[in-house]
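Working notes for the structure below.
Just so it is clear, the structure is predicted and the values come from calculations on it, not from any experiment. Numbering starts at 1 and runs along the sequence shown.
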Amino acid sequence: MECTVRWIGSDAGMSFVAETGSGHAVVMDGAPEAGGRNLGPRPMEMLLAGTGGCTAFDVVLILKKGRHAVTGCEVSLKAERADTDPKVFTHVHFHYRVKGRQLKPEAVARAIELSKDKYCSASIMIGETAKITHDFEIIEEA
């Protein structure tokens, strides 16, 4: 896996473009009080978003492989950070909203646990500095 992050230049304040090895680009920026222009998410927001994407991917894949009728998955993450540098995440709460037909709570719980404990590299790395908590709800699709 590769990624190149390039500062756009002093005219752009604190904006950076990340180009991934898979050929995608993402703009990141700092807060205005830190010299940014608010043109994109903060780098730590990207880390949190990537973690949410990683675990949502796992949960959907695990449920589909188990032949459960999953039709949607949304994960809201709320993170707390240390007050002093390095301002690592100290607590991250994951709230999953899984949509489908006749999804069993135990199957959803198992998929989340497998993601948290075995498959989601991002949340496992973040778990080295942060307490990870989670809950979920199932939304029945008509």
Side-chain angles (χ1 to χ4, degrees), residues 1-9 12-142:
M1 186 176 294
E2 297 178 4
C3 183
T4 301
V5 178
R6 178 178 36 85
W7 181 36
I8 295 174
M14 295 301 289
S15 297
F16 295 81
V17 172
E19 296 181 38
T20 66
S22 60
H24 301 281
V26 178
V27 174
M28 295 177 284
D29 200 0
E33 60 271 15
R37 293 181 36 212
N38 207 28
L39 298 175
R42 313 293 182 261
M44 289 297 284
E45 289 175 324
M46 293 292 297
L47 183 60
L48 194 61
T51 302
C54 184
T55 189
F57 182 96
D58 291 341
V59 169
V60 169
L61 188 62
I62 291 164
L63 289 171
K64 285 177 79 170
K65 281 187 175 181
R67 298 186 183 194
H68 299 280
V70 61
T71 59
C73 181
E74 179 178 302
V75 185
S76 299
L77 296 91
K78 292 188 180 172
E80 296 173 16
R81 294 177 66 187
D83 293 329
T84 58
D85 291 324
K87 294 179 182 169
V88 298
F89 291 131
T90 56
H91 179 248
V92 181
H93 180 74
F94 296 68
H95 178 72
Y96 298 81
R97 282 179 292 286
V98 183
K99 186 176 182 180
R101 289 179 298 284
Q102 299 179 343
L103 293 173
K104 293 181 172 58
E106 53 276 5
V108 173
R110 180 178 177 276
I112 291 168
E113 287 296 324
L114 282 169
S115 176
K116 180 177 85 65
D117 295 337
K118 185 174 182 179
Y119 295 113
C120 181
S121 306
S123 65
I124 291 168
M125 283 190 291
I126 286 175
E128 292 296 313
T129 64
K131 178 182 176 185
I132 304 287
T133 58
H134 65 274
D135 60 15
F136 70 91
E137 61 185 287
I138 297 172
I139 299 164
E140 183 65 29
E141 185 171 71

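In plain terms, the two heavy atoms of I138 and K104 that are nearest each other are CD1-C, 4.1 Å. Nearest heavy-atom pair across P43 and M28 is CA-SD, 4.0 Å. The minimum heavy-atom distance between A34 and M14, with the atom names listed, is O-CG, 3.6 Å. Across all non-hydrogen atoms, the minimal contact from C54 to S121 is SG-N, 3.8 Å. When all heavy atoms of L103 and V70 are compared, the closest pair comes out as CD2-N, 4.1 Å. The heavy-atom pair separating V5 from A18 by the smallest distance is CG2-CB, 4.0 Å.
The CD1 atom of I126 lies 8.0 Å from the SG atom of C120; values are rounded to the nearest 0.5 Å. Rounded to the nearest 0.5 Å, atoms CZ (F89) and CG (L47) are 5.0 Å apart. One distance of note links NE2 of H91 with CD of E80; it measures 6.0 Å at 0.5 Å rounding. A distance of 10.0 Å separates CD1 of I139 from SG of C73, quoted to the nearest 0.5 Å. Distance check, rounded to the nearest 0.5 Å: CG of D29 to CZ of R42 gives 6.5 Å. Here the OG1 atom belonging to T129 is positioned 10.5 Å from the CZ atom belonging to R81, to the nearest 0.5 angstrom.
Within the 3.5 Å criterion, the main-chain N or O of A69 finds no donor-acceptor partner in the side chain of R101. Under a 3.5 Å cut-off, the side chain of W7 and the backbone N or O of G13 do form a donor-acceptor pair. Remark: the backbone N or O of Q102 is paired with a side-chain donor or acceptor of E140 at under 3.5 angstrom.
Crowding of E106 atom CD: a count of heavy atoms from other residues, nucleotides or ligands under 6.0 Å exceeding 12. The environment of D135 atom CG is dense: over 12 non-hydrogen atoms of other residues, nucleotides or ligands sit within 6.0 angstrom. Residue F57 places its CZ atom among 12 or fewer non-hydrogen atoms of other residues, nucleotides or ligands, all under 6.0 Å distant.
When only modelled atom types and interatomic distance are considered, H95 and E137 share a side-chain donor-acceptor pair under 3.5 Å.
With contacts defined as side-chain heavy-atom distances shorter than 4.5 Å, the pair F94/I112 does not qualify. At least one side-chain heavy atom of E113 sits less than 4.5 Å from a side-chain heavy atom of H134. Side-chain contact between Y96 and V108 is absent, with no heavy atoms from C-beta onward closer than 4.5 Å. Side-chain contact check for D58 versus L114: every heavy-atom pair is 4.5 Å or farther apart. No side-chain heavy atom of V92 sits less than 4.5 Å from a side-chain heavy atom of T51.
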Begin with the C-alpha distance, continue with both residues' side-chain angles, and end with the deciding distance and a verdict on side chain to side chain contact (heavy atoms under 4.5 Å, CB included) for F136 and V59. CA-CA 11 Å; F136 70 91; V59 169; over 6 Å; no
